[in-house]
Number of protein chains: 2
Amino acid sequence: MLSKKTKYGLKALTYIARSIGDTPIQVSEIAKSEQIPQKFLEGILLTLRKSGILGSKKGKHGGYYLRSEPAEIKMTDVMRVLEGPIAMVPCVSLNFYEKCDDCPDEDKCSVNKLMIQVRDNTLKVFRNTTLADLSQID
Amino acid sequence: MLSKKTKYGLKALTYIARSIGDTPIQVSEIAKSEQIPQKFLEGILLTLRKSGILGSKKGKHGGYYLRSEPAEIKMTDVMRVLEGPIAMVPCVSLNFYEKCDDCPDEDKCSVNKLMIQVRDNTLKVFRNTTLADLSQID
DNA sequence: ATTAATCCTATCAATTTAGTAGGGATTACA
DNA sequence: TGTAATCCCTACTAAATTGATAGGATTAAT
């Protein structure tokens, strides 16, 4: 299951990407428009800022803005920041690899092989999708 | 993350598929061989039996057996029984659909569109993989 | 009968999730 | 220079989920 954190984060990023203009976007505005608890969203945007995806401006008339063009912001990066590893098991994770306690031999593990396929296909989607794609208005 | 339940379930199914012969396989044997807590595994195999994937024989010399040929047991079915919905959000689930509280319009939701792609790609893997594939010894 | 299995229900500790609370630090602007 | 608006940070909490464990009821072979 996708966590609320990730869902809210994606919606917020989309909202920011769609807001053309120079001024940073405030948390309160996003929260209201996207129906997200404001305090919860604050924490999420903070995470996105710390990861380098968002920038922020403090104080009156402050807010958040994208640090790159929407077309440059890949879902692989966003998802890893918000949701964590893309793989369903640590033993097939590229960025967060860990060996399983059980499982004497990874190469012979049926779960491992299946989950590598799932990972590769999910990765393909995330690598191929940018914030610009999410923000398309149709 | 894949739950231990699913992981153990897949390993157990693989184990049973590999055990050629007529006699049913006992939980204790699987638990020992695959390093799975026996009582926990009991519950998992029970679930698989109730879903129709496994059959069982009670009493002395009892155990579990597959109700179809490994090549007929699709991962879509197994995963749905063990892990639940394949989709990452209920609003893109084929078998467990639910509308989101937030989200006035699904068609315009960026998360929705992304998650449909992920679902379709994951589904492709699971539809294409059977227990026979998992059980291949190489 | 005895033994060996599955079956069933209840309970539990640890972790994660989804938030809430309260205030600190910084900035714009009157 | 004061004040309001805004992000920033830490701590707390309730509910749900996960990964088990415990104890026995039921069933079947010998």
Side-chain angles (χ1 to χ4, degrees), chain A residues 1-12 16 19 22-32 34-67 82-85 88-90 96 100-102, chain B residues 1-12 16 19 22-32 34-67 82-85 88-90 96 100-102:
Chain A
M1 272 294 160
L2 203 69
S3 64
K4 293 272 187 184
K5 181 181 172 186
T6 302
K7 192 183 181 191
Y8 293 161
L10 288 172
K11 287 195 167 195
I16 295 172
S19 309
D22 271 353
T23 53
I25 316 296
Q26 286 136 31
V27 177
S28 58
E29 182 187 337
I30 307 172
K32 199 179 163 197
E34 299 293 325
Q35 321 233 51
I36 303 170
Q38 176 163 345
K39 276 288 192 179
F40 191 24
L41 183 57
E42 271 186 25
I44 297 169
L45 297 188
L46 218 45
T47 310
L48 286 165
R49 196 218 58 195
K50 283 178 182 165
S51 80
I53 293 171
L54 289 178
S56 69
K57 185 159 177 277
K58 286 192 210 172
K60 202 167 184 178
H61 299 166
Y64 288 95
Y65 53 90
L66 301 176
R67 304 236 356 228
L82 292 173
E83 190 75 5
M88 296 185 82
V89 273
F96 302 84
C100 302
D101 302 342
D102 50 333
Chain B
M1 273 293 159
L2 202 70
S3 64
K4 293 272 186 183
K5 181 181 173 187
T6 302
K7 192 183 181 191
Y8 292 162
L10 288 171
K11 287 195 167 195
I16 296 172
S19 308
D22 272 352
T23 52
I25 315 295
Q26 286 138 33
V27 177
S28 58
E29 182 186 337
I30 305 171
K32 198 179 164 197
E34 300 293 325
Q35 320 234 49
I36 303 170
Q38 176 163 346
K39 275 290 193 179
F40 192 22
L41 183 56
E42 271 185 25
I44 298 169
L45 296 188
L46 219 44
T47 311
L48 287 166
R49 196 218 59 195
K50 283 179 181 163
S51 80
I53 293 170
L54 288 178
S56 69
K57 185 160 176 278
K58 286 192 209 170
K60 202 167 184 176
H61 299 164
Y64 289 93
Y65 52 90
L66 302 175
R67 303 234 0 226
L82 291 173
E83 190 74 4
M88 295 185 82
V89 273
F96 302 83
C100 300
D101 302 342
D102 49 336

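What you are looking at is a predicted structure, and each value in this text was computed from that prediction instead of being measured. So you know, we letter chains A, B, ... as the sequences are listed, proteins then strands, and number each from 1.
With values rounded to the nearest 0.5 angstrom, B:Glu42 atom CD is found 11.0 Å from B:Ile30 atom CD1. One finds the CG atom of B:Leu54 at 9.5 Å from the OH atom of B:Tyr65 (value rounded to the nearest 0.5 Å). With rounding to the nearest 0.5 angstrom, the CG atom of B:Leu46 is 10.5 Å from the OG atom of B:Ser51. From A:Lys7, atom NZ reaches atom CG of A:Leu82 across 14.0 Å, with rounding to the nearest 0.5 Å. For the atom pair A:Ile53 CD1 and A:Leu66 CG, the distance stands at 9.5 Å (nearest 0.5 Å). Put simply, NZ on B:Lys11 and CG on B:Leu41 are 11.5 Å apart, with the number rounded to the nearest 0.5 Å.
The two residues B:Gly55 and B:Arg67 make their nearest non-hydrogen contact at N-CG, 3.3 Å. Minimum interatomic distance between A:Gly84 and A:Phe96 (heavy atoms only, all atoms of both residues): C-CE1, 4.4 Å. Residues A:Ala12 and A:Leu45 approach most closely at CB-CD2, 3.9 Å, considering heavy atoms. When all heavy atoms of A:Gln26 and A:Gly62 are compared, the closest pair comes out as CG-O, 3.2 Å. The shortest heavy-atom contact between B:Met1 and B:Glu83 is O-OE2, 3.4 Å.
Taking atom NZ of A:Lys11 as the reference point, atom P of C:dA18 lies 14 Å away to the nearest angstrom. The distance between atom NZ of A:Lys57 and atom C1' of C:dT27, rounded to the nearest whole Å, is 7 Å. Protein atom CD1 of B:Ile25 is 15 Å distant from nucleotide atom C1' of C:dT6, rounded to whole Å. Distance B:Leu2 CG to D:dT17 P: 17 Å, rounded to the nearest Å. Whole-Å rounding puts the A:Leu54 CG to D:dC8 C1' distance at 14 Å. The CD atom of A:Gln26 sits 12 Å away from the C1' atom of C:dA28 (whole-angstrom rounding). Distance NZ (B:Lys4) to P (D:dT21): 12 Å, rounded to an integer number of Å. Atom CD1 of B:Ile30 and atom C1' of C:dA5 are 13 Å apart (whole Å).
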Sort me out a list of protein N/O and nucleotides 13-15 of chain D N/O pairs below 3.5 Å, or just none if empty.
none

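Listed by residue number, B:Gly59, B:Lys60, B:His61 are the residues of residues 59-67 of chain B with a heavy-atom contact under 4.0 Å to DNA chain D. Within residues 40-51 of chain A, the residues that place at least one heavy atom under 4.0 Å from DNA chain C are, in residue-number order, A:Phe40.
Note on A:Lys39: a base of the nucleic acid sits closer than 4.0 angstrom, heavy atoms only.
No side-chain donor from either of A:Gln38 and A:Ser28 sits under 3.5 Å from a side-chain acceptor of the other.
OP1 or OP2 of C:dC7 lies within a sub-4.0 Å distance of a side-chain N or O belonging to B:Ser56. Contact annotation: B:Tyr8 side-chain N/O to D:dA20 OP1/OP2 distance is under 4.0 Å.
You won't find any donor-acceptor pair under 3.5 Å spanning the side chain of A:Lys58 and the base of C:dG24, going by distance alone.
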